[in-house]
Structures are given as structure tokens and as C-alpha cells.
Trainee: 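Handing you a structure now.
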Amino acid sequence: MSTDVRVRFAPSPTGYLHLGGLRVALYNYAFAKQNNGKFILRIEDTDQARLVEGAVENLISSLEVMGITYDEGPNKDAEYGPYFQSQRLDIYRKYINELIAKGHAYYCFCTKETLDEMRTKAQKEKKFFKYDRRCHKLSQEEIQAKLDAGESYVVRLKMPDERIFTFNDLVRGEVSIDVKQIDDQVILKSDGFPTYHLAAVVDDHLMKISHVFRGEEWLSSTPKHIFLYECFGWTPPQWVHLPLILNKDKSKLSKRKNDVAVETYLEKGYQKDALINFIALLGWHPSEDRELFSMDEIIKEFSIDRVNKAGAVFDLTKLEWMSGMYFRSSDLADVADYARPQFEKAGIDISDNDKYLRVIDKAREYISTIDQVMEHAEMYYRLGELSEKDAEMLNNEESQKVLAYMAEAYNTDHILSPDELNAITKGSIGEIGIKGKKFYFPLRLALIGKGHGPDMPAIYSILGKEEFVNRLKRAIK
RNA sequence: GACCCCUUCGUCUAGUGGACUAGGACUCCAGAUUUUCAUUCUGGCAACAGGGGUUCGAUUCCCCUAGGGGUCGCCA
């Protein structure tokens with residue numbers, strides 16, 4: 001394709017970045033990078049009533065931590081700005097006037113109450129509701145009189161009477177929608193703000209957007225957008241309607257039924273590359289039998305052809321597995337950094353960095369989220385209280401015999417290698433005649449305060465010879 | 001309700017007329033490794049929504065039915 005790829009992610013700042021938004025942003029980003037195009041962030045803040053304070057900042061920072069960076073947008077002004085729709089009102093007004101002048105749009109003075117009545121009536125009669133265009137019949141003089149009187153108004157797009165809109169969607173193929181199903185959409189609200197339909201079309205054109213990636217929920221309003229492009233004499237972009245992300249019950253992913261904020265998953269401690277990887281695979285998959293993809297690989301492999309048509313249920317189980325995989329395979333130093341705040345919060349001194357890395361390297365084997373790390377790490381720094389049952393176990397005669405013997409056996413004049421340590425352990429089992437659980441359980445209780453955990457050489461190497469032996473000694477009554 | 005879209009294991013998916021006894025991944029189960037836990041490895045359970053066509057041959061193409069979802073706002 002010879003045209004430059006320019007795509008945009010256009011959230012409305014009504015809350016936090018959610019999983020669905022993240023995926024749309026990711027696909028946009030991957031597609032842009034892959035084609036040496038530009039990825040634009042545009043804030044669709046045309047609904048004054050739903051604005052949430054801090055939402056824009058949150059959106060931007062969420063994208064940033066997920067590694068999705070935009071080329072143009074808030075704080076990155078380029079020639080197509082501003083990137084906040086609320087700062088583009090004059091532009092929209094100009095194009096709306098043009099539509100009115102051309103007869104493609106008209107003033108409507110119907111109140112919300114009137115409209116509600118009409119809607120209820122239609123519903124009772126089980127009829128498809130469509131605005132009856134009563135205001136379209138107003139004469140120029142009547143309109144002017146109402147305008148002069150300061151009556152509240154909106155502007156509606158006048159859709160054609162007869163027409164089947166057929167358009168090509170890059171994931172769905174050819175889609176046809178009868179104009180009979182489409183209302184005369186309000187394009188300018190009574191508060192002077194445009195609606196999405198008008199603003200998005202104008203901006204996408206002015207910002208030279210080549211491909212519009214958006215959720216499937218927009219499919220049925222696409223004819224309105226296509227019609228707007230025609231009214232202005234513009235060429236529409238390529239349409240890419242993405243399948244929805246679904247709740248377990250297959251309804252559109254919602255806050256009510258799931259945690260949907262990207263931030264929440266980060267707070268819960270999922271590995272962020274795993275989250276990206278997981279989200280990427282919800283509705284897209286290359287032909288190969290592969291599951292693990294880095295951002296670079298996603299950029300390289302992504303293709304619209306391979307986006308699915310059907311919605312995808314968001315299932316945490318696989319994300320958990322994937323997150324664990326990433327913790328185990330990513331750089332130890334990164335995982336260590338990620339876990340560090342927890343140790344600080346718990347007041348654990350991790351200034352011995354070599355030890356800290358050994359601890360994390362072992363603990364990462366057990367976790368799927370970073371906040372589980374403490375559960376598998378704290379014991380190398382401090383022992384908690386034993387349960388009554390464990391204490392009893394530790395203090396019984398056999399256990400004490402094991403501890404007394406092993407504290408001496410392990411207390412060599414040099415640091416033991418894993419093989420040497422195993423040899424001592426095995427040899428001792430024969431010497432004292434206590435084996436299996438009765439042997440290992442008390443040892444582990446003394447060493448890490450729990451009956452289950454890593455093997456002896458691992459504990460020894462993390463704790464170091466001195467602490468290892470000391471812990472055994474301390475457990476002796 | 002009208003319209004639009006969708007439909008392969010429980011979930012994410014591979015599959016574009018024969019290579020399919022339908023492949024992979026997660027989950028689950030069993031086994032191996034391990035003193036235990038976790039990791040790792042091996043194996044197993046499990047799906048083409050149904051019915052008609054087209055074709056020598058349909059998971060793949062067409063039609064119908066069913067089911068699911070989306071839209072129907074001065075929200076995006």
C-alpha cells in the first residue's frame with residue numbers, strides 16, 4: 001500500500017484504560033510500527049458529563065508502562081493537533097455548518113422529553129424507532145426565529161431515504177446495512193459539543209488516519225461515518241472492527257463482571273510483558289503453534305488477516321500461567337527490581353544483593369504474580385512463629401536427634417558443594433536411622449519454618465553455611 | 001423486537017476441499033525427576049452447533065435452523 005500508515009487510539013477519558021482498550025491500542029501500535037507508520041493518541045473528551053478527573057494521565061501512564069508509546073498526541077504535539085477533541089470545537093463547528101449549508105444536516109429543536117415520549121411509544125408498538133424528522137420540515141424563517149429566541153437545539157445528520165450501505169471491513173469482509181435501520185444521528189449536541197460520530201470522522205480525516213481500528217460495537221454505526229465522508233467528499237479510511245473481549249458468560253467485557261482496568265492487573269503483580277502477550281493472543285494468532293511473543297515479535301508477526309471474527313472470553317487462568325512463565329524466563333535483575341518494594345515495605349534488609357538475587361531466583365519458581373514472592377522469600381530473612389502442631393513435631397525426640405546430629409554434620413570447615421551436602425545428608429540418614437518425612441520435615445522446619453520447600457542444597461546456598469548451621473542449632477532445645 | 005456480526009476441546013486457538021484417526025496452549029488427570037513443595041519432562045481426557053445441499057470427497061463452499069453477541073442515546 002502506498003499510503004502512509006497512520007493509526008490512532010482514541011479513548012474517552014471516562015475511566016481507566018481497560019483490557020479492551022489495551023488490545024485496541026496494542027494492535028494499532030503493532031500495526032503502525034510494523035509499517036513504519038505513526039501511532040496517534042487522541043483524547044475523545046466530547047462528553048462533558050462523563051469526564052473523570054485524572055483519567056487522561058492514567059490512560060497515558062498505563063500505555064507507557066505497557067510499552068505502548070505514541071508518536072503524536074497529548075504532550076507530543078505535531079502538525080495535526082490539538083489532540084484533545086475539546087480543543088477542536090471550532091473545527092467541528094465549521095464542518096457542521098458546511099453540512100447544514102449543503103443540506104446534509106439540519107437543526108432539531110425537539111427536547112429530550114419529546115424524544116423520550118416518541119421512543120416509548122415506538123417501543124410499545126414494537127416498532128423500530130427513528131426520529132420522524134419533524135424539525136426537518138421547519139422553514140428557514142421558523143428556524144431562524146427559534147435560533148433568535150435562543151431555543152436549545154441540536155444538529156442532526158440527514159441520512160438518505162433509500163440506500164444499502166456496503167463497505168469492506170478488513171477483518172469481516174463485506175458488510176451491508178440498510179439505511180432504514182439508521183437514525184438521523186445527532187452530530188452536534190445542545191451543549192455545543194459534537195458527538196463521537198462527527199468528531200471522529202472529522203479528526204480521522206484531518207489527522208490523515210489510514211486505518212480505523214475499533215471495537216465491533218461500532219460496526220453498526222459505520223454507515224453514518226461513511227456517509228459523513230461522502231458528504232464532505234473525503235475518502236474513508238480502512239475499517240478494522242475488532243472482535244469483542246467477553247466475560248465468562250460471553251457478554252461484552254464489563255466492569256461489573258470482571259476486573260477490567262489494566263492498572264488492576266499491574267497492581268495484582270502480573271508480569272507486564274505477559275499481560276501484553278496474553279492480550280495480543282485474545283483474538284489474534286499467527287499460524288504457528290507458539291504462545292510466547294515479546295512485543296517485538298508481536299510487531300513483527302501481527303497481521304490484520306489473522307485477527308479472528310469471533311469474540312474471545314477473557315480467562316485469567318492462562319494469564320496466570322503466562323505470567324509465571326515470564327517471571328521464570330525474564331532477567332533475574334528485572335524480577336528482583338520488581339519485587340524490591342515488597343521487601344522494603346516488609347522492612348526486610350536486602351542490602352546483601354547476592355543473597356537477594358539467590359532468594360528471588362528460587363522464589364520466582366513458585367509465583368505467577370509478583371506479590372506472591374514474599375511468601376517464598378521471607379523465610380530466608382526471618383522465621384515466623386511455628387504452628388502448634390509444627391512446634392510439637394520439631395520438639396519431639398526423633399526430630400531433636402536429627403537436628404543435633406545434622407547441625408554437627410553440616411558444620412564443616414569449608415563451604416559444601418551440593419554434591420558434598422547431599423552425600424552428608426544421605427550418609428547421616430543411615431547413621432541415625434531416621435529417614436523420609438521424619439528426617440526432612442524437622443530439618444525444613446528449623447531451616448525455613450515450613451515443612452515444604454526447596455531442597456537442602458538450595459537452602460544451603462541461599463542461607464550460606466553459617467546461617468544454615470545456626471538455624472539448625474537454634475532449633476535444638 | 002428490528003438489523004448487523006459471529007459459531008472448532010471448559011478457555012485461547014491452528015485449520016482456507018483430500019496430508020484430519022481435527023493440531024497446539026492453558027486447566028484437569030496420570031506418570032517420570034525430586035526427601036517434600038515448586039519447576040521441568042512424558043502421556044491422557046476433551047471440540048468441528050444441527051439439518052440440508054454442492055462435490056468423487058467437506059471443519060473448510062452455499063442455504064436454512066438454532067444458539068451467542070453487538071447496535072438501536074444530545075455515551076463513547
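Letters A, B, ... mirror the listed sequences (proteins, then strands); counts begin at 1.
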Trainee: Look through every strand shown and name the nucleotide pairing with B/rG43 as Watson-Crick or G-U wobble, where both distances are under 3.5 Å.
Mentor: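 Here B/rG43 is engaged in a pair, and the nucleotide opposite it is B/rC29.
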
Trainee: In whole angstrom, give the distance that lies between atom OH of A/Tyr380 and atom C1' of B/rC37.
Mentor: 11 Å

Trainee: Round to a whole Å and report the spacing from CD of A/Glu291 to P of B/rU11.
Mentor: 16 Å

Trainee: Do the side-chain N and O atoms of A/Thr114 and A/Thr111 include a donor-acceptor pair separated by under 3.5 angstrom?
Mentor: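 Yes.
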
Trainee: Look at A/Arg306 and B/rG15 and indicate whether a side-chain polar atom (N or O) is within less than 4.0 Å of OP1 or OP2.
Mentor: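 So the side chain of A/Arg306 is within the cut-off, an N or O lying under 4.0 Å from OP1 or OP2 of B/rG15.
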
Trainee: Quickly, which of A/Arg134, A/Arg156, A/Arg133, A/Lys224 forms a salt bridge (Lys or Arg N to Asp or Glu O under 4.0 Å) with A/Asp184? Name it, please.
Mentor: A/Arg133

Trainee: Give a yes/no verdict on a cation-pi contact between A/Lys435 and A/Phe439, requiring under 6.0 Å between NZ or CZ and the six-membered ring centre and an angle within 45° of the axis.
Mentor: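 No, A/Lys435 does not sit over the ring of A/Phe439.
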
Trainee: Please state the C1' separation for the pair B/rG68 and B/rG31 - nearest whole angstrom.
Mentor: 40 Å

Trainee: Quote, to the nearest angstrom, the P distance that separates B/rU60 from B/rG18.
Mentor: 12 Å

Trainee: Give a yes or no on whether the ring-centroid distance for A/Tyr27 and A/Phe302 is below 6.0 angstrom.
Mentor: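 Yes: the rings meet the under 6.0 Å criterion.
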
Trainee: Send over the distance from A/Leu281 CG to B/rC12 P, rounded to a whole Å.
Mentor: 12 Å

Trainee: Taking the P atom of each, how far is B/rU42 from B/rC6, in whole Å?
Mentor: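 Taking atom P in both B/rU42 and B/rC6, they lie 38 Å apart.
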
Trainee: For B/rC6, does OP1 or OP2 lie under 4.0 Å from any side-chain N or O of A/Asn308?
Mentor: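 It does not, given that no N or O in the side chain of A/Asn308 lies less than 4.0 Å from OP1 or OP2 of B/rC6.
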
Trainee: Is it the case that the ring center of A/Tyr440 lies less than 6.0 angstrom away from the ring center of A/His452?
Mentor: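 No.
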
Trainee: NA contact type, A/Thr317, heavy-atom cut-off 4.0 Å: base, sugar-phosphate, or nothing?
Mentor: sugar-phosphate

Trainee: Taking the side chain of A/Asp289 as its heavy atoms from C-beta onward, which of B/rA38, B/rG23, B/rU39 lies nearest to it?
Mentor: B/rG23

Trainee: Measure from the ring centre of A/Tyr440 to the centre of the six-membered ring in the base of B/rU35, then say whether that distance is under 5.5 Å and the planes meet at under 30°.
Mentor: yes

Trainee: Under 4.0 Å: is that the gap between some side-chain N or O of A/Arg172 and OP1 or OP2 of B/rG69?
Mentor: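 The answer is no; no side-chain N or O of A/Arg172 sits under 4.0 Å from OP1 or OP2.
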
Trainee: With respect to the phosphate group of B/rG73, does any side-chain polar atom (N or O) of A/Arg119 fall under 4.0 Å of OP1 or OP2?
Mentor: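 Yes, within the criterion.
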
Trainee: For B/rC20 and B/rC63, measure between their C1' atoms and round to the nearest Å.
Mentor: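 The answer is 26 Å between these two C1' atoms.
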
Trainee: How is A/Pro11 classified with respect to the nucleic acid when contacts are heavy atoms under 4.0 Å: base, sugar-phosphate, or nothing?
Mentor: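 A/Pro11: no heavy atom of the nucleic acid under 4.0 Å.
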
Trainee: In whole Å, what is the span from the CG atom of A/Leu319 to the P atom of B/rA25?
Mentor: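 Atom CG in A/Leu319 sits about 19 Å away from atom P in B/rA25.
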
Trainee: With a 3.5 angstrom cut-off on both distances, give the Watson-Crick or G-U wobble partner of B/rU36, or none if there isn't one.
Mentor: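 Check on B/rU36: unpaired, no WC or wobble geometry under 3.5 Å.
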
Trainee: Tell me if the side-chain of A/Lys318 makes a donor-acceptor pair with the base of B/rC12, cut-off 3.5 Å, by modelled atom types.
Mentor: yes

Trainee: Using atom NZ of A/Lys224 as one end and atom P of B/rC3 as the other, report the distance to the nearest whole Å.
Mentor: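 Answer to the nearest Å: 17 Å.
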
Trainee: Ring centres under 6.0 Å, that's the criterion: do A/Phe278 and A/Trp321 meet it?
Mentor: no

Trainee: Give the nucleotide from the list B/rU35, B/rA25, B/rU40 with an atom nearest to the side chain of A/Met456.
Mentor: B/rU35

Trainee: May I ask you to verify whether the side chain of A/Ser220 and the base of B/rC4 hold a donor-acceptor pair under 3.5 Å?
Mentor: no

Trainee: Using a 4.0 Å heavy-atom cut-off across all strands, classify A/Glu44 as base, sugar-phosphate, or nothing.
Mentor: sugar-phosphate

Trainee: Say you pick atom C1' in B/rA76 and the same atom in B/rU54; how far apart are they, in whole Å?
Mentor: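 About 45 Å, rounded to a whole number of Å.
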
Trainee: What's the closest nucleotide to the side chain of A/Gln181 if the choices are B/rA76, B/rC3, B/rC5?
Mentor: B/rC3

Trainee: We want to know whether A/Asp45 and A/Ser86 form a side-chain donor-acceptor pair, criterion being a heavy-atom distance below 3.5 angstrom.
Mentor: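 Yes.
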
Trainee: Which nucleotide wins on minimum distance to the side chain of A/Ser287, given the candidates B/rA14, B/rA76, B/rC74?
Mentor: B/rA14

Trainee: Quick check for you: among B/rC4, B/rG1, B/rU35, whose closest atom lies nearest to any side-chain atom of A/Phe128?
Mentor: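 Shortest atom-to-atom distance from the side chain points to B/rG1.
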
Trainee: Could you say whether A/Phe129 or A/Pro286 is positioned toward the 5' end of RNA chain B, judged by the nucleotide with the nearest heavy atom to each?
Mentor: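 Its nearest nucleotide lies further toward 5', so the answer is A/Pro286.
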
Trainee: For A/Leu244, report the nucleic acid contact type (base, sugar-phosphate, nothing); a contact means any heavy atom under 4.0 Å.
Mentor: sugar-phosphate

Trainee: Between A/Glu291 and A/Lys318 (salt bridge meaning N to carboxylate O under 4.0 Å), is one present in this structure?
Mentor: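 Salt bridge present between A/Glu291 and A/Lys318.
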
Trainee: Return the nearest nucleotide to the side chain of A/Glu216; candidates are B/rC5, B/rG73, B/rC37.
Mentor: B/rC5

Trainee: Assess whether a salt bridge exists between A/Asp315 and A/Lys248, defined as any Lys/Arg side-chain N lying under 4.0 Å from an Asp/Glu carboxylate O.
Mentor: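 Judged by the 4.0 Å cut-off on N to carboxylate O distance, A/Asp315 and A/Lys248 do form a salt bridge.
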
Trainee: Reckon A/Lys250 has a side-chain N or O less than 4.0 Å from the OP1 or OP2 of B/rU11?
Mentor: yes

Trainee: Under 4.0 angstrom, heavy atoms only, what part of the nucleic acid is A/Asp455 near: base, sugar-phosphate, or nothing?
Mentor: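 A/Asp455: base contact, heavy atoms under 4.0 Å.
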
Trainee: Mind checking the P distance from B/rG52 to B/rG15? Whole angstroms is fine.
Mentor: 28 Å

Trainee: Rounded to whole Å, how long is the line connecting atom CG of A/Leu198 with atom C1' of B/rA76?
Mentor: 14 Å

Trainee: Could you measure between the two P atoms, the one in B/rA22 and the one in B/rU59, and give it in whole Å?
Mentor: 10 Å

Trainee: Could you work out the separation of B/rC64 and B/rA30 based on their P atoms and round it to a whole Å?
Mentor: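 Roughly 48 Å separates the two P atoms.
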
Trainee: Using a heavy-atom cut-off of under 4.0 Å over every strand shown, decide if A/Ser176 touches base, sugar-phosphate, or nothing.
Mentor: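 Since only primed, P, OP1 and OP2 atoms lie under 4.0 Å of A/Ser176, the category is sugar-phosphate.
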
Trainee: Write down the distance between NZ (A/Lys362) and P (B/rU40), rounded to a whole number of angstrom.
Mentor: 12 Å

Trainee: Rounded to the nearest Å, what distance is computed from the CG atom of residue A/Leu282 to the P atom of nucleotide B/rC26?
Mentor: 16 Å

Trainee: Below 4.0 angstrom from OP1 or OP2 of B/rA76, is there any side-chain N or O of A/Thr46?
Mentor: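 Answer is yes, contact under 4.0 Å.
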
Trainee: Does A/Arg444 get its side chain close enough to the base of B/rU36, under 3.5 Å, for a donor-acceptor pair?
Mentor: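 Yes.
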
Trainee: Could you let me know what B/rC3 is paired to, Watson-Crick or G-U wobble, both distances under 3.5 Å, or none if it's on its own?
Mentor: B/rG70

Trainee: Under 4.0 Å between a side-chain N or O of A/Lys189 and OP1 or OP2 of B/rA76?
Mentor: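 It does, given that an N or O in the side chain of A/Lys189 lies less than 4.0 Å from OP1 or OP2 of B/rA76.
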
Trainee: Measure from the side-chain heavy atoms of A/Lys252 and tell me the nearest of B/rU71, B/rC72, B/rC26.
Mentor: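 Ranking B/rU71, B/rC72, B/rC26 by closest atom to the A/Lys252 side chain puts B/rU71 first.
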
Trainee: Where the side chain of A/His285 is concerned, which of B/rU36, B/rA14, B/rU27 is the nearest nucleotide?
Mentor: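 So the nucleotide nearest the side chain must be B/rA14.
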
Trainee: Would you mind classifying the nucleic acid contact of A/Gly453 as base, sugar-phosphate or nothing, using non-hydrogen atoms under 4.0 angstrom?
Mentor: base

Trainee: Do A/Ser323 and A/Ser368 get their side chains close enough for a donor-acceptor pair, meaning under 3.5 Å?
Mentor: no

Trainee: Ignoring the backbone of A/Trp321, work out which of B/rU39, B/rU27, B/rC74 is nearest its side chain.
Mentor: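 The answer is B/rU27.
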
Trainee: Between B/rU35, B/rC74, B/rG70, spot the one nearest the side chain of A/Thr195, thanks.
Mentor: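 Minimum distance to the A/Thr195 side chain belongs to B/rC74.
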
